[in-house]
Student: 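Provided herewith is a single structure, encoded as structure tokens, for subsequent inquiry.
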Number of protein chains: 2
Amino acid sequence: MGASKTEHFTEQQNQVATIAKALGHPARIAIIEYLLKVNACICSDIVDELPLAQPTVSQHLKELKNAGLIKGNIEGNSICYCIEEKTFNILKEYFTNIIFTVTNQKCC
Amino acid sequence: MGASKTEHFTEQQNQVATIAKALGHPARIAIIEYLLKVNACICSDIVDELPLAQPTVSQHLKELKNAGLIKGNIEGNSICYCIEEKTFNILKEYFTNIIFTVTNQKCC
DNA sequence: ATAATCCATCGTAATATTGCAATATTAAAT
DNA sequence: ATTTAATATTGCAATATTACGATGGATTAT
């Protein structure tokens, strides 16, 4: 197959999975970390920063954008990509909650 | 292509990406949530719980195990799968740190 | 106007993932 | 020893992902 049976899972499960999937590639993690580091951003910088061709970087940026992890503001000729805090907060809270639940468990 | 250029990224970037990737499927999120819910676990339960065939579930469990998100203790005939707290802590701290960094930013 | 820069999109090849039927493996029960 | 139950593995088809060259549109610089 190759296609996930998303219709069988809850909306929240699909949401978390979609966000996690978008972060499931080292290039996209590197992009996020770069955006955090420079605190302001233009795509050409990102291309210079990564060991990947420009179309590939563009594609990764698109996936991060689709997952709601970054947003891009057009700024004249170039684009200012930024971290979308809201989405990262979903993850932070999701995992914080998991840790909270697990530490109160007594399994294995 | 289809193969990630992992060798060009840092070990930490690859680590986070690998863990995130393992969570990038709703079935695997559902498995994690089920393990959290029942607080003790046997695989056959998981197969009953999910809308997927046994080999498929087994494969998803294997991927979660490879990523270090769960561990399985053999218990006679069946296997007790459990959350691996350590790995989830890595994620929790990673995203907590991102939120901390972002809130101190003034971009866009 | 022309050239240069930035970035997205298209097309395509290589590879990975998802899902399952069939089959193996392992341990408990009879 | 045989059967039964719980998982794992194998093999395969369908689909998705990754990567990049070529190309094109938009904006700025000359």
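First the proteins, then the strands, lettered A, B, ... as listed; each starts at 1. Values reported hereafter were calculated over all heavy atoms of this structure, with side chains retained and with hydrogens, waters and symmetry mates removed.
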Student: Taking all non-hydrogen atoms of both residues into account, name the closest pair between Lys71(B) and Ile83(B) and its distance.
Tutor: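 So the two residues come closest at CE-O, 4.1 Å.
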Student: Looking at Ser4(B), I'd like to know whether one of its side-chain N or O atoms comes within less than 4.0 Å of OP1 or OP2 on dT17(D).
Tutor: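 For Ser4(B), the contact criterion (side-chain N or O under 4.0 Å from OP1 or OP2 of dT17(D)) is not met.
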Student: Mind checking if Lys21(A) touches a base, just sugar-phosphate, or nothing, with heavy atoms under 4.0 Å?
Tutor: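 Sugar-phosphate contact only.
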Student: Could you pull out the protein-nucleic contacts involving nucleotides 20-24 of chain D (nitrogen or oxygen on both sides, under 3.5 Å)?
Tutor:
unit_1, atom_1, unit_2, atom_2, d
dC20(D), OP1, Lys5(B), NZ, 2.8
dC20(D), OP2, Ala53(A), N, 3.0
dC20(D), OP2, Thr56(A), OG1, 3.1

Student: Are OP1 or OP2 of dT17(D) and a side-chain N or O of His60(A) less than 4.0 angstrom apart?
Tutor: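 Answer no for this pair, as no side-chain N or O of His60(A) is under 4.0 Å from OP1 or OP2.
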Student: Ignoring hydrogens and angles, tell me if any N or O in the side chain of Thr87(A) forms a donor-acceptor pair with the backbone of Gly68(A) under 3.5 Å.
Tutor: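 Yes.
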Student: Take atom CD of Glu11(B) as the centre, draw a 6.0 Å sphere, and report whether it contains more than 12 heavy atoms from other residues, nucleotides or ligands.
Tutor: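 It does not: Glu11(B) CD has 12 such atoms or fewer within range.
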Student: What are the two closest non-hydrogen atoms of Ala27(A) and Leu50(A), and how far apart are they?
Tutor: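 So the two residues come closest at O-CD1, 4.2 Å.
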Student: When you check the phosphate oxygens OP1 and OP2 of dT9(C), does a side-chain N or O of Lys62(A) lie under 4.0 Å from one of them?
Tutor: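 For Lys62(A), the contact criterion (side-chain N or O under 4.0 Å from OP1 or OP2 of dT9(C)) is met.
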Student: Give every pair of a protein N or O atom and an N or O atom of nucleotides 27-30 of chain C that lie under 3.5 Å apart, one pair per line with the distance.
Tutor:
none

Student: If you assign each of Leu61(B) and Arg28(A) to its closest nucleotide in DNA chain D, which residue comes earlier from the 5' end?
Tutor: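 Here Leu61(B) is the residue nearer the 5' end.
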Student: Rounded at 0.5 Å granularity, tell me how far CZ in Arg28(B) sits from CZ in Phe9(A).
Tutor: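 Spacing of CZ (Arg28(B)) from CZ (Phe9(A)) equals 10.0 Å.
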Student: Quick check: closest heavy atoms across Leu23(A) and Leu64(A), and the distance to 0.1 Å?
Tutor: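 Smallest interatomic distance, heavy atoms only, reads CD2-CD2, 4.4 Å.
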Student: Here's a test of your reading of the structure: between Asp45(B) and Gly24(A), which maps to the more 5' nucleotide of DNA chain D?
Tutor: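 Final value for this comparison: Asp45(B).
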Student: Side-chain N or O of Ser58(B) versus OP1/OP2 of dA8(D): is the shortest distance under 4.0 Å?
Tutor: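 Looking at the OP1 and OP2 atoms of dA8(D), one of them is under 4.0 Å from a side-chain N or O of Ser58(B).
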Student: When you match Val47(A) and Ala27(B) each to their closest nucleotide on DNA chain C, which lands nearer the 5' end?
Tutor: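 Nearest-nucleotide comparison on DNA chain C picks Val47(A).
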Student: Which pair of non-hydrogen atoms, one from Ala67(B) and one from Ala22(B), has the smallest distance, and what is that distance?
Tutor: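 Taking every non-hydrogen atom into account, CB-CB, 3.4 Å.
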